[in-house]
Amino acid sequence: MAPDSKDMPKRYGWNTPVTAPGPDGGLMLRSIKAIIKDPLTYLTQSHADHGSIIQFPIPKPATYSIGSAVGAREVLVAQQQETSKQTLQYRNLALVTGEGLLTAETQAWRPRRRMLQPAFHREMVALTEGHVIAGLAQLDKQWQIATEAGTAIVDMDEAMMTLALEITCNALFGLDVSGEATELTSATLTALHGVVARAQNPLALPIAIPTPNNWRMSRAIHRLDEAVSEIIQAREQDRLPSDSPIRDMLDVLLDPDLEIPLTSKQIRDEIATFIVAGHETVASALTWAWDLLVRNPSELERLREEPDRAQLIFDESLRLYPPAWVITRRISADLEVEGIEIPAKSLVIVSPWVIHRNAEVWDEPLAFRPERFKNGVPQLGYLPFGAGPRLCIGREMARLEGAMILRHIATNWTLSAIHNERTPIEASVTLRPVGGLPLRISRVAN
Ligand code: HEM
């Protein structure tokens, strides 16, 4: 139902039509520092105060946030043909990933998705298992050394980043990056940090102008570019036989027999996209899963006794801490979403963070209750991987990886928090724990 006009905040002096309730402009301006520091609280509070579809007091572009399950489905699925990824967030991300699958517009995206989808077929996802096992064996070795004296404190966030990067590069590109994983994950984080800093600064200068942020970002992108070149060179020296039954992503990208072979820029952009999209998200999901588990020791104990709960725990962690906490779209034609007019050219923010904590969708939304997923993943109101045609291509790989890693570490290591305070969240491109996630570990006695 359309909101009553008396619910509309009074905003004057700009032409953008106000079609939904939303927070007050003056208050928003006065709180801008706090909002930048903690956008999750602002977003959650704004929805709690004004409803499930709100408009922010921003003159251009008109900016809406969707916090309802049905609204999300309207934007991402039912009316998705009236949306595009021409948003500031994706434009800035494209500085890092180029025009890869994640940022590409529909026309360029459709054939590319069709081309890359087979690399994510069941056998390929199953092959990931082997890489997860190898990565975990490596982690066990490192932790074994670290805990020789009994216990050790490790940064779980860093450990998950490194592990996820190694698995992604092995599974998709057949490349062992273990020697340079820390450097590459740090380059990825720096680049993504730059993306967010640019999105928060309306006066951000073009990337070619060496402001401190642009300079850091350019160096990080350069490091990613070097990694991409290494990946391509390694495969050129060591190609799989062309009749190999299993083709990984790189085989598909480098295939000279494609109807229209990819240019080297297109290949670079896809590899960079998959490095970035394929590991940081998984690592973020796992880090928050560990945070939830050490703060709910009975759940950790249960996981040790019933390792098959790992999938439920991973899915539930993705609900409470969806790494992609906002999904943005530009609207290309006037839309109506749950009775609210959203004019063409508006920016729409669909927020898994808000929707996953919406009490109309979830019973006791703030509680960590893995068994809510025991009948499978709901169709509506759960979108850690997005929805509609742009649904995450790595979804099954990520869920497999996540569950295997939780299961293995929980059954082989004891883990505990080193303090009782809540882990502060930085809402960057994904949700990051401020200061990492230091945990005390020791080997489970046999
Ligand atoms: C827990 C882990 C992951 C999460 C939470 C996640 C989340 C998402 C989300 C929300 C989208 C949709 C974005 C939108 O609609 O604007 C997406 C798209 C995408 N993801 Fe993931 N992702 C994860 C893992 C992965 C992995 C493992 C890979 C690759 C190996 C990957 C590659 C991609 C790509 C290429 C796209 C763009 C798909 C397209 O537009 O066709 N992601 N992801």
Side-chain angles (χ1 to χ4, degrees), residues 66 72-73 75-77 80 83-87 89-91 93-94 97-106 108-117 119-120 124-125 127-128 131-132 160-161 163-173 248-250 252-253 269-289 311 314-330 347-353 355-356 377 382-406 429-431:
I66 310 276
R73 191 180 51 188
V75 173
L76 298 177
V77 187
Q80 55 79 26
T83 71
S84 78
K85 287 201 170 186
Q86 281 169 24
T87 66
Q89 292 70 18
Y90 274 118
R91 225 178 22 247
L93 187 60
T97 62
E99 213 197 328
L101 198 63
L102 184 58
T103 53
E105 275 313 322
T106 312
W109 165 80
R110 193 170 286 118
R112 195 69 61 76
R113 173 97 187 200
R114 222 177 288 131
M115 180 182 116
L116 292 175
Q117 190 72 54
F120 286 85
M124 179 60 208
V125 171
L127 260 189
T128 303
H131 298 299
V132 178
M160 294 301 101
M161 284 286 281
L163 181 61
L165 178 76
E166 286 170 10
I167 294 168
T168 303
C169 287
N170 266 314
L172 299 184
F173 315 124
D248 67 12
M249 260 256 323
L250 197 52
V252 179
L253 292 175
D269 289 353
E270 289 306 352
I271 297 177
T273 294
F274 277 86
I275 293 179
V276 172
H279 86 279
E280 216 250 338
T281 44
V282 176
S284 164
L286 281 164
T287 296
W288 292 110
Q311 192 68 69
F314 190 66
D315 291 342
E316 171 70 340
S317 307
L318 281 170
R319 183 185 69 81
L320 280 168
Y321 293 97
W325 57 285
V326 284
I327 298 172
T328 58
R329 293 289 188 269
R330 174 79 67 172
L347 171 71
V348 171
I349 300 167
V350 174
S351 175
W353 172 271
I355 296 165
H356 291 178
V377 169
Y382 183 67
L383 53 154
F385 296 102
R390 305 297 296 250
L391 181 77
C392 177
I393 198 170
R395 178 174 174 270
E396 287 315 322
M397 185 173 161
R399 288 185 72 236
L400 173 91
E401 219 178 308
M404 281 182 76
I405 292 171
L406 289 179
V429 171
T430 63
L431 298 179

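Counting convention: from 1, in listed order, for ligands and their atoms alike.
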Visitor: What residue and atom, counting heavy atoms only, is the protein's closest point to atom 22 (N) of ligand 1, and at what distance?
Guide: C392 SG, 3.1 Å
Visitor: Among protein heavy atoms, which sits nearest to atom 34 (C) of ligand 1, and what does the distance come to when rounded to 0.1 Å?
Guide: I393 CG2, 3.8 Å
Visitor: Looking only at N/O atoms, are Y90 and ligand 1 under 3.5 Å apart anywhere?
Guide: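 Checking ligand 1 against Y90, an N or O pair does fall under 3.5 Å apart.
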Visitor: Shortest non-hydrogen contact from A72 to I66?
Guide: N-CG2, 3.5 Å
Visitor: Under 4.0 Å from any heavy atom of A324, which atoms of ligand 1 are there?
Guide: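 Result: 10 (C).
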Visitor: How far apart are the closest heavy atoms of H131 and A171, and which atoms are they?
Guide: CD2-CA, 3.6 Å
Visitor: Which heavy atom in P322 sits nearest to a heavy atom in L431, and how many Å separate them?
Guide: O-CD1, 3.4 Å
Visitor: With atoms numbered from 1 as shown, which atoms in ligand 1 lie under 4.0 angstrom from a non-hydrogen atom of I327?
Guide: 10 (C), 14 (C), 15 (O), 16 (O)
Visitor: Nearest to atom 6 (C) of ligand 1, what protein heavy atom do you find, and at what distance?
Guide: F385 CD2, 3.7 Å
Visitor: Can you measure from CD1 (I167) to CE (M397) and round to the nearest 0.5 angstrom?
Guide: 8.0 Å
Visitor: Closest heavy-atom contact between P323 and S284?
Guide: CB-OG, 3.7 Å
Visitor: Is it the side chain, the backbone, both or neither of K85 that has a heavy atom closer than 4.0 Å to ligand 1?
Guide: side chain
Visitor: Would you say the ring centroid of Y321 lies under 6.0 angstrom from that of F314?
Guide: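 Ring centroids of Y321 and F314 are no less than 6.0 Å from each other.
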Visitor: Run L163 and H279 through side-chain contact (heavy atoms from CB on, under 4.5 Å) and show every step you take.
Guide: CA-CA 8 Å; L163 181 61; H279 86 279; over 6 Å; no
Visitor: Which of these, S284, G386, P384, has its nearest heavy atom closest to atom 7 (C) of ligand 1?
Guide: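 Among S284, G386, P384, the closest heavy atom to atom 7 (C) of ligand 1 belongs to P384.
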Visitor: Could you check atom 26 (C) of ligand 1 against the protein and tell me its nearest heavy-atom contact, residue, atom and distance included?
Guide: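 The protein heavy atom lying closest is G278 CA, 3.6 Å.
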Visitor: Which atom pair, heavy atoms only, marks the closest approach of W353 to L320?
Guide: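 Scanning both residues, the minimum pair turns out to be CZ3-O, 3.5 Å.
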Visitor: Less than 4.0 Å is my threshold; does some heavy atom of R329 fall inside it relative to ligand 1?
Guide: yes
Visitor: Looking only at protein heavy atoms, which one is nearest to atom 38 (C) of ligand 1, and how far off is it?
Guide: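 For atom 38 (C) of ligand 1, the nearest protein heavy atom comes out as R113 NH1, 3.4 Å.
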Visitor: Hey, is ligand 1 close enough to T273 that some N/O pair sits below 3.5 Å?
Guide: no
Visitor: Quick one: does ligand 1 sit under 4.0 Å from the side chain of R390, the backbone, both or neither, non-hydrogen atoms only?
Guide: both
Visitor: Would you say that L347 contacts Q89 through its side chain, given a criterion of any heavy-atom pair below 4.5 Å between the two side chains?
Guide: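 In contact.
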Visitor: Relative to the heavy atoms of L172, which atoms of ligand 1 are at a distance of less than 4.0 Å?
Guide: 30 (C)
Visitor: Check ligand 1 against P323 and write out every atom of the ligand that is under 4.0 Å from a heavy-atom position of the residue.
Guide: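 Listed by number with element: 5 (C).
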Visitor: Backbone, side chain, both or neither: what part of L102 comes under 4.0 angstrom of ligand 1, heavy atoms only?
Guide: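 Answer for L102: both.
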Visitor: Test your reading of the structure: does E401 have an N or O sitting under 3.5 Å from an N or O of ligand 1?
Guide: no
Visitor: Which bit of A277 gets closer than 4.0 Å to ligand 1, counting heavy atoms only: side chain, backbone, both or neither?
Guide: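 Within the 4.0 Å criterion, A277 contacts ligand 1 through backbone and side-chain atoms alike.
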Visitor: Starting from atom 24 (C) of ligand 1, locate the nearest protein heavy atom and write down its residue, its atom name and how far away it is, to 0.1 Å.
Guide: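 Residue, atom and distance for the closest contact: T281 OG1, 3.4 Å.
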Visitor: Which heavy atom of R329 sits nearest to which heavy atom of T83, and what is that distance?
Guide: CD-OG1, 3.8 Å
Visitor: Need the ligand 1 atom indices (1-based, order shown) with element for anything under 4.0 Å from a heavy-atom of L101.
Guide: 35 (C), 39 (C), 40 (O), 41 (O)
Visitor: Is any side-chain heavy atom of E270 less than 4.5 Å from a side-chain heavy atom of R112?
Guide: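 When only atoms from C-beta onward are counted, R112 and E270 do touch, with a gap below 4.5 Å.
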Visitor: Stepwise, does the side-chain contact (heavy atoms from CB on, under 4.5 Å) test hold for D248 with F173?
Guide: CA-CA 7 Å; D248 67 12; F173 315 124; 5.5 Å; no
